[in-house]
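Have a look at the structure below before the remarks.
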Amino acid sequence: MARVSQEHLEARRRQILQGAARCFARDGFHGTSMQDVFKETGLSAGAVYRYFPAKEAIIGALAHEVLDTVRGAFADALASSRLPHPDEILSDALRRVESVLRFPPPLVVQVWAESFRDERLAAVLRNVVSSLLDAWREVVNGYIERGLIPPGTDPEAVARVLTACAQGFMVQRALLGPLDHEMISAGVHGLTSFSAPESA
């Protein structure tokens, strides 16, 4: 029997993820059954279960793909000789998620809502958010070390606000359509570039 190539396995896995994502975005996580995933992907139960034993495993894989993509943006930023401004990192991370994953925007909102019903799903999302907070804290500490922001700045507070910005933009994309990355960058840059007015 011929061996199945790694490329074929990955293509099949992505086919399942994208089909399930369409189902979740359209019908909600709770309203989607594995039968719906089989129908959407055109694959047999055995083919799907080979990769994912349950819906939670599919959501976990989707969440980790998002996280891995965002981590790549942060890793590149931290490796740069010029640590990028927060607006550059945020815009780059969101752009990568959109271009690489191409999942329906409503999926994010559906999954967040379902996490209040499903503790296993909530645990997956808490892990994703915690990892993003860790990445932002590392960036903020880099700003402090390089004298780009005041030494008394609280990395946790800044990390939470910047993570909230990303979450908010994802909700806007689900409700209002495609993101204008130039607007995101300009807005975050404007808010993080305050300076005290000169005294008269």
Side-chain angles (χ1 to χ4, degrees), residues 1-75 90 92-136 160 163-179 181:
M1 181 180 292
R3 290 182 58 186
V4 178
S5 70
Q6 187 60 42
E7 291 80 6
H8 174 81
L9 293 173
E10 180 56 31
R12 179 58 54 84
R13 178 178 178 276
R14 184 155 294 279
Q15 178 183 355
I16 296 168
L17 287 176
Q18 291 177 340
R22 290 192 297 271
C23 289
F24 296 151
R26 182 176 62 241
D27 303 319
F29 182 77
H30 187 67
T32 297
S33 67
M34 288 299 282
Q35 289 292 333
D36 295 325
V37 176
F38 307 153
K39 182 178 179 181
E40 184 73 23
T41 60
L43 299 174
S44 68
V48 173
Y49 283 132
R50 176 180 182 181
Y51 295 86
F52 303 105
K55 291 189 296 181
E56 290 77 14
I58 296 175
I59 284 293
L62 289 168
H64 285 295
E65 287 215 13
V66 171
L67 181 57
D68 289 344
T69 301
V70 172
R71 277 177 173 162
F74 279 94
L90 179 58
D92 180 43
L94 290 169
R95 185 179 286 108
R96 291 190 193 200
V97 169
E98 285 188 5
S99 64
V100 172
L101 301 179
R102 300 187 181 282
F103 296 143
L107 176 63
V108 174
V109 179
Q110 295 278 8
V111 171
W112 287 345
E114 188 60 29
S115 70
F116 292 99
R117 301 168 56 104
D118 189 320
E119 177 54 36
R120 290 172 297 179
L121 182 56
V124 169
L125 296 186
R126 280 195 293 268
N127 178 57
V128 170
V129 174
S130 293
S131 295
L132 293 177
L133 289 170
D134 288 343
W136 272 124
R160 290 215 173 231
T163 300
C165 284
Q167 293 169 319
F169 284 127
M170 293 169 79
V171 171
Q172 287 186 32
R173 180 171 180 256
L175 295 175
L176 305 176
L179 291 172
H181 291 282

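Of the inter-residue distances, the one linking Leu17 atom CG with Arg22 atom CZ reads 11.0 Å to the nearest 0.5 angstrom. The CH2 atom of Trp112 sits 9.0 Å away from atom CG of Leu125, with the distance rounded to the nearest 0.5 Å. For the atom pair CD of Gln18 and SG of Cys23, the computed distance is 12.5 Å after rounding to the nearest 0.5 Å. Taking CZ of Arg95 as the start and CG of Leu90 as the end, the distance is 10.5 Å to the nearest 0.5 Å. Between atom NZ of residue Lys55 and atom CG of residue Asp118 there is a gap of 8.5 Å, rounded to the nearest 0.5 Å. Here the CD atom belonging to Gln15 is positioned 8.5 Å from the NE2 atom belonging to His8, to the nearest 0.5 angstrom.
The closest side-chain heavy-atom distance from Glu56 to Val124 is not below 4.5 Å. Looking at Arg26 and Gln110, their side chains never come closer than 4.5 Å, going by heavy atoms from C-beta outward. Contact of the Leu62 side chain with the Leu107 side chain is registered, since non-hydrogen atoms from C-beta on lie closer than 4.5 Å. Inter-residue side-chain proximity for Arg120 and Ile59 is flagged as unmet; no heavy-atom pair is nearer than 4.5 Å. By the 4.5 Å heavy-atom criterion applied to side chains, Arg160 and Trp136 are not counted as neighbours. Under the 4.5 Å side-chain criterion, counting only non-hydrogen atoms from C-beta, Gln172 is not in contact with Leu175.
A distance-only check finds no donor-acceptor pair linking the side chain of Thr32 to the backbone of Asp27 [under 3.5 Å]. In this structure a side-chain-to-backbone donor-acceptor pair under 3.5 Å is present from Thr41 to Phe38.
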request  = Determine, stepwise, if the pair Phe52 / Val37 fulfils side chain to side chain contact (heavy atoms under 4.5 Å, CB included).
outcome  = CA-CA 11 Å; Phe52 303 105; Val37 176; over 6 Å; no

request  = Given side chain to side chain contact (heavy atoms under 4.5 Å, CB included), test Met170 with Val109 step by step and report yes or no.
outcome  = CA-CA 8 Å; Met170 293 169 79; Val109 179; over 6 Å; no

ask   = When you look at Val97 and Val70, which way does the side chain to side chain contact (heavy atoms under 4.5 Å, CB included) test go after all the steps?
value = CA-CA 7 Å; Val97 169; Val70 172; 3.7 Å; yes

task = Before giving the answer on side chain to side chain contact (heavy atoms under 4.5 Å, CB included), spell out for Leu67 and Leu132 the whole-Å C-alpha distance, their side-chain angles and the decisive distance to 0.1 Å.
result = CA-CA 8 Å; Leu67 181 57; Leu132 293 177; 4.0 Å; yes

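Nearest heavy atoms, Glu40 versus Gly19: CG-O, 3.3 Å. Scanning all heavy atoms of the two residues, the minimum distance from Gly72 to Arg96 falls at C-NH1, 3.3 Å. Minimum interatomic distance between Ala122 and Ser115 (heavy atoms only, all atoms of both residues): CB-O, 3.4 Å. In terms of heavy atoms, Ala54 sits closest to Met34 at C-SD, 4.0 Å.
Remark: Ala113 pairs with no residue by the side chain to side chain contact (heavy atoms under 4.5 Å, CB included) rule, at least two apart or across chains. Contacts of Arg173 classified as side chain to side chain contact (heavy atoms under 4.5 Å, CB included), with partners at least two apart in sequence or in another chain: Glu98, Pro105, Leu179. In this view, Arg126 and Glu119 satisfy the salt bridge (charged side-chain N to carboxylate O under 4.0 Å, His left out) rule, not counting sequence neighbours.
By the 30° and 60° cut-offs, the orientation of the rings of Phe29 relative to Phe24 is tilted.
Atom CZ of Arg13 has more than 12 neighbouring heavy atoms from other residues, nucleotides or ligands inside a 6.0 Å radius.
Salt bridge absent: Asp36 and Lys39 never bring a charged side-chain N and a carboxylate O closer than 4.0 Å. Under 4.0 Å is where a charged nitrogen must lie from a carboxylate oxygen, and between Glu65 and Arg14 at least one such pair does.
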